[in-house]
Amino acid sequence: MQTTLFAVGSRKTATAKVWLTLGSGEIKINNRPAKDYLGREDLLKLINLPFKVVGLENQYNVIAKVQGGGISAQAGAIALGIARALVLSNEELRKPLKDAGLLKRDPREKERMKYGLAKRRKSFQWTKR
């Protein structure tokens with residue numbers, strides 16, 4: 001097994017480069033602790049979900065460099081990167097991660113603005129007279 005694993009994850013317009021090393025479960029995002037960077041408990045759970053699914057909590061240190069998007073999209077990108085890196089470490093982890101839906105990039109993107117409309121689908125108020 002390699003000592004350092006690298007993978008890339010993305011969600012919406014966020015991209016995360018993720019490095020996994022054997023360690024005590026410390027997670028750093030852009031050189032800051034994950035709790036300080038994200039600030040939300042649900043996003044911390046999302047990042048730890050790949051480890052929880054395969055039963056490897058607190059066995060890997062995570063260093064992530066993220067850019068673009070908001071913190072929610074960045075957390076999703078990091079989770080995908082972690083899942084991909086875990087598969088690189090052990091191919092047998094692919095099935096449980098895939099069954100949990102952690103190896104698929106979330107395809108939802110912002111819909112484009114259309115001309116003649118107020119928003120993406122909302123039209124301007126229609127007046128009879």
When you compare the side chain of [Y] with that of [X], does any pair of heavy atoms fall below 4.5 Å?
X      : Y      : result
Arg120 : Met113 : yes
Ser24  : Tyr60  : no
Ile29  : Leu38  : yes
Lys52  : Lys45  : no
Arg94  : Leu103 : yes

Treating Ile, Leu, Val, Met, Phe, Trp and Tyr as nodes and any side-chain heavy-atom pair under 4.5 angstrom as an edge, say whether Val18 and Leu46 lie in one connected cluster.
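Unlinked, Val18 and Leu46 end up in two clusters.
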May I ask whether Leu80 and Leu88 are part of the same hydrophobic cluster, defined by side-chain heavy atoms of I, L, V, M, F, W, Y residues being less than 4.5 angstrom apart, directly or through others?
no
Which one of Val87, Leu49, Ile82 satisfies the side chain to side chain contact (heavy atoms under 4.5 Å, CB included) criterion with Leu97?
Val87
Lys110/Lys12 under side-chain contact (heavy atoms from CB on, under 4.5 Å): CA gap, chis, key distance, verdict:
CA-CA 8 Å; Lys110 221 174 196 177; Lys12 291 187 175 180; over 6 Å; no
In terms of heavy-atom contacts, does NZ of Lys114 have more than 12 from other residues, nucleotides or ligands at under 6.0 Å?
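It does: Lys114 NZ has more than 12 such atoms within range.
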Might you confirm whether atom CD of Glu92 has over 12 heavy atoms from other residues, nucleotides or ligands at distances under 6.0 Å?
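No, not enclosed.
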Distance alone, cut at 3.5 Å: any donor-acceptor contact between the side chains of Asn31 and Lys65?
yes
Go through the steps for Glu26 and Val62 under the test side-chain contact (heavy atoms from CB on, under 4.5 Å), then give the verdict.
CA-CA 6 Å; Glu26 185 182 334; Val62 178; over 6 Å; no
Rounded to the nearest 0.5 Å, how far apart are NZ of Lys119 and CG of Leu117?
12.0 Å
Spacing of Thr13 atom OG1 and Gln67 atom CD [to the nearest 0.5 Å]
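Going from the OG1 atom of Thr13 to the CD atom of Gln67 covers 10.5 Å.
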For the residue pair Phe6 and Trp19, does the interplanar ring angle fall in the parallel (under 30°), tilted (30 to 60°) or perpendicular (over 60°) class?
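Correct class here is tilted.
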Does [X] use its side chain to pair, donor to acceptor, with the backbone of [Y] at less than 3.5 Å?
X     : Y     : result
Arg11 : Ala75 : no
Asn61 : Leu20 : no
Asn30 : Val66 : yes
Asp36 : Arg32 : no

Steps toward side-chain contact (heavy atoms from CB on, under 4.5 Å) verdict (Leu43, Ser72):
CA-CA 7 Å; Leu43 298 179; Ser72 182; 4.2 Å; yes
Under the side-chain contact (heavy atoms from CB on, under 4.5 Å) criterion, do Gln74 and Tyr37 qualify, and how do the steps go?
CA-CA 10 Å; Gln74 288 180 352; Tyr37 188 85; 2.8 Å; yes
